[in-house]
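No experiment lies behind these values; they were computed from the predicted model shown. Positions are given from 1, in the same order as the sequence printed here. Heavy-atom basis, side chains included; hydrogens, waters and symmetry copies ignored.
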Amino acid sequence: MKFQWTLILGIVFALIVAIFAVINVDPVTVNFGFSETELPLILVILGSVLMGGIIMGSVGLFRLFIAQRKVRHLEAENKQLNEKLVEAEKSQSGELPSRQEYRKTAPDSAGDSAAE
């Protein structure tokens, strides 16, 4: 559902930009800092939108790369902890002693026969 809303908003934004660009076709002077040129305003508008999209896409890819790296790290840590858990379960000797067996071996119940 989220993707559908994103797609719809993207299409609406593209239509607004396209209509705005088609309305503004007059030539304008663009100063690049080292040179100056005259371009139709439609090219300036569409070029600006394209550059903004490229910049936002690059930022999104960078964030995705960071998130994937973190996921790989956490998966490796999870695998390592699961292996430790399996080893701990294997090293544990059988079942736990019953309460009566524990009372017989507990250090503080040496002369306590009332509990039995």
Discussion item. Can you confirm whether Leu74 sits close enough to Val71 that some side-chain heavy atom of one is under 4.5 Å from a side-chain heavy atom of the other?
Written reply: no

Discussion item. Applying a strict under-4.5 Å side-chain criterion to I, L, V, M, F, W and Y, I'd like to know whether Val22 and Phe20 cluster together.
Written reply: yes

Response to the item:
Between the CG atom in Leu61 and the CD atom in Gln68, the distance rounded to the nearest 0.5 Å is 9.5 Å

Discussion item. Measuring from atom CZ of Phe32 to atom OG1 of Thr37, what distance do you get when rounded to the nearest 0.5 angstrom?
Written reply: 6.5 Å

Fill in: Straight-line distance of Asn24 CG to Ile42 CD1, nearest 0.5 Å
9.0 Å

Worksheet entry | Interatomic distance, Leu39 atom CG to Ile45 atom CD1 [nearest 0.5 angstrom] | 12.0 Å

Item to complete: Could you check if a side-chain atom of Glu36 sits within less than 4.5 angstrom of a side-chain atom of Thr29, using non-hydrogen atoms only?
Response: yes

Fill in: Heavy-atom check, side chain of Leu9 versus side chain of Ile11, under 4.5 Å
no

Worksheet item: Is Leu46 reachable from Val28 through a run of I, L, V, M, F, W or Y residues, each pair having side-chain heavy atoms under 4.5 Å apart?
Response: yes

Worksheet item: Is Val44 reachable from Ile23 through a run of hydrophobic residues whose side-chain heavy atoms are each under 4.5 Å from the next?
Response: no

Item to complete: Could you tell me the separation between the CD1 atom of Ile54 and the CE atom of Met51, rounded to the nearest 0.5 Å?
Response: 5.5 Å

Practice prompt. Would you give the length of the straight line joining atom CG of Leu85 to atom CD of Glu87, rounded to the nearest 0.5 angstrom?
Written response: 10.0 Å

